[in-house]
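First the structure, in the form of structure tokens, and then the observations on it.
Computation of the quantities below employed the complete heavy-atom set of this structure, encompassing side-chain atoms and omitting hydrogens, waters and symmetry-equivalent molecules. Convention: sequence-line order gives letters A, B, ...; per-chain numbering from 1. What you see is a predicted model; the values in this text were computed from it and never measured.
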Number of protein chains: 2
Amino acid sequence: MKKSTGPVAETRWLNGDELAAWLANSAIMISLPAALDARMQREAQLTFFEYMVLSVLSEQPDRTMQMSALAARTAASLSRLSHVVGRLEKRGLLARKRIPGSGRRTTATLTEAGYEVVVAAAPGHVAAVREYLIDDLEPHELAALRRIGAAVDAAIKRGQPDASSAASPPPEAPTIHSGPRRTAD
Amino acid sequence: MKKSTGPVAETRWLNGDELAAWLANSAIMISLPAALDARMQREAQLTFFEYMVLSVLSEQPDRTMQMSALAARTAASLSRLSHVVGRLEKRGLLARKRIPGSGRRTTATLTEAGYEVVVAAAPGHVAAVREYLIDDLEPHELAALRRIGAAVDAAIKRGQPDASSAASPPPEAPTIHSGPRRTAD
DNA sequence: GAGTAGAACTTGACGCGTCAAGTTCTCTTC
DNA sequence: GAAGAGAACTTGACGCGTCAAGTTCTACTC
């Protein structure tokens, strides 16, 4: 509650159109992730986030990534990643390895079993994304969604000036690839 | 890898535009709620969801609602609501009351303290919604967002045919009002 | 070359959401 | 009028994410 000092700007409440847009937005913010998560759990016994982790790894040429890079790519804290990767490791879907030399590095590598899990899960995931979102949209809506997402991303970053500056490559939105990376079949 | 049996529909991977839209969407799905939540926590010591609960109550003429109705309006399970309301009750922001007669009803009523908390939190919340989302959008994007949200909502409901049928009024998206309901000042 | 800064994790405690089970009512049916 | 069926919650255990601390390294500095 900071409201005492000076002429605080009057609150601009949302008008009809804005309110409707915001309301509609909560379907995207709340129902969509819940639906995707539930389906992933049902069809592949994976959390949406776990799928992201495995999926990102599967896109790497050697199916390997350093923990901090993985964290950046999946928009997770290192701590969260560490916990999740620990569990996935116990399930045999990936393996960690301490890298000697430079700093205290660790990499995670997808195992064969892990790779098979991603490949099996990917079609269902893409189908869900189409079913719940993409296939219902007209081209111009697809374009609008793209712009809106970019605007949101920019607005949020504007709020937290830097957050870090060293490790992360181009700070990218969480990726959920178009399909698993093909290797020699 | 399941691809052997029969003519399983080929997976339609996302093309460039679709992928970009999906990627952008994850900013809305992931970063936006996190940002709103963090800000609400910082400015009002409330979870986004707790704010929703208090806010919905504040919009009722008597600041009172039956638990199941509240659950429907906030898109939460009765169990989750029960836990959250329990905590809010301990903080003195609302009070529960068993209603004798018809079934095993319980209502939650906002206390004066709870009302003051919502009123204090609302301007910041609306400001955040504007800052992170609404104010960055052109009118046509606002309209598109509205349509996209509606499409997502419909698509998800299509997936889970009924879910119940008795209690809930028009199944509505979670509301986060335009401003706290005015009473006699 | 010892000390300090700091990057890159890991770990444990704690809080919140979910799931399954339990409780308490009413209403129907025979 | 006794037995179900079922609506409307509540409760407890468990899992996952967060936050604060701890651990290991490298690199710089004097």
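For B/Glu112, the side-chain contact (heavy atoms from CB on, under 4.5 Å) partners are B/Arg63, B/Tyr115, B/Glu116, not counting sequence neighbours. Remark: B/Glu18 engages A/Arg130, A/Ile134, A/Leu142, B/Leu14, B/Asn15 in a side-chain contact (heavy atoms from CB on, under 4.5 Å) (not counting sequence neighbours). Residues passing the side-chain contact (heavy atoms from CB on, under 4.5 Å) test with A/Ala155 are A/Arg158, B/Tyr132, B/Asp136, sequence neighbours excluded.
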*Could you go through the side-chain contact (heavy atoms from CB on, under 4.5 Å) check for B/Met29 and A/Met29 one step at a time?*
CA-CA 5 Å; B/Met29 247 175 61; A/Met29 247 176 61; over 6 Å; no
*Hey, mind stepping through A/Leu23 and B/Arg146 against side-chain contact (heavy atoms from CB on, under 4.5 Å) and telling me if it holds?*
CA-CA 8 Å; A/Leu23 262 295; B/Arg146 192 166 166 177; over 6 Å; no
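If you measure from atom CD of A/Glu89 to atom P of C/dT11, you get 10 Å, rounded to the nearest angstrom. Put simply, NZ on A/Lys90 is 13 Å from P on C/dT10, counting in whole angstrom units. Rounded to an integer number of Å, the gap from CD of A/Gln66 to C1' of D/dC25 is 13 Å. The interatomic distance linking A/Leu46 (CG) with D/dG15 (C1') rounds to 15 Å, in whole Å. A straight line from CD1 of A/Ile99 to P of D/dT24 spans 18 Å, rounded to a whole angstrom. With rounding to whole Å, B/Leu78 atom CG is found 17 Å from C/dT23 atom P. Summarising the geometry, the separation between CZ on A/Phe49 and P on D/dC16 is reported as 12 Å, rounded to the nearest angstrom. Taking atom CZ of residue B/Arg80 and atom C1' of nucleotide D/dT11, one finds them 17 Å apart after rounding to whole Å.
For D/dT10, one of the phosphate oxygens OP1 or OP2 lies less than 4.0 angstrom from a side-chain nitrogen or oxygen of B/Arg96. Residue B/Ser68 has a polar side-chain atom (N or O) positioned under 4.0 Å from OP1 or OP2 of D/dC9. Distances shorter than 4.0 Å separate some side-chain N or O of A/Arg105 from OP1 or OP2 on C/dA8. In this model, the phosphate group of D/dC9 is not approached by any side-chain N or O of B/Ser82 to a distance below 4.0 Å at OP1 or OP2.
Taking the charged nitrogens against the carboxylate oxygens, B/Asp37 and B/Arg42 have no contact shorter than 4.0 Å, which rules out a salt bridge. A salt bridge links B/Glu59 with B/Arg73: at least one charged nitrogen is closer than 4.0 Å to a carboxylate oxygen.
Take the nearest nucleotide of DNA chain D for A/Arg98 and for B/Met67: the residue whose nucleotide is more 5' is B/Met67. Take the nearest nucleotide of DNA chain C for B/Val84 and for A/Thr107: the residue whose nucleotide is more 5' is A/Thr107.
Residue side chain A/Arg104 reaches the base of D/dT23 through a donor-acceptor N/O pair under 3.5 Å, judged by distance alone.
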Throw together a table of side-chain donor-acceptor distances under 3.5 angstrom for residues 90-100 of chain B, partners on residues two or more places apart or in other chains.
{"from": "B/Arg91", "atom 1": "NH2", "to": "B/Gln45", "atom 2": "O", "distance (Å)": "2.9"}
{"from": "B/Arg96", "atom 1": "NE", "to": "B/Glu89", "atom 2": "OE1", "distance (Å)": "3.1"}
{"from": "B/Arg96", "atom 1": "NH2", "to": "B/Glu89", "atom 2": "OE1", "distance (Å)": "3.1"}

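Residues B/Gln41 and B/Phe48 form no side-chain contact, since every pair of their non-hydrogen atoms from C-beta on lies 4.5 Å or further apart.
In terms of modelled atom types and a separation under 3.5 Å, the side chain of A/Glu50 and the main chain of A/Thr47 share a donor-acceptor contact.
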*Could you provide the dot-bracket string of DNA chain D, using ( ) for intrastrand pairs, [ ] for crossing pairs and | for bases paired to another strand, with Watson-Crick or G-U pairs below 3.5 Å?*
||||||||||||||||||||||||||||||
Show me the protein contacts with nucleotides 12-14 of chain D, counting only N or O atoms at under 3.5 Å.
{"from": "D/dG12", "atom 1": "O6", "to": "B/His83", "atom 2": "NE2", "distance (Å)": "2.9"}

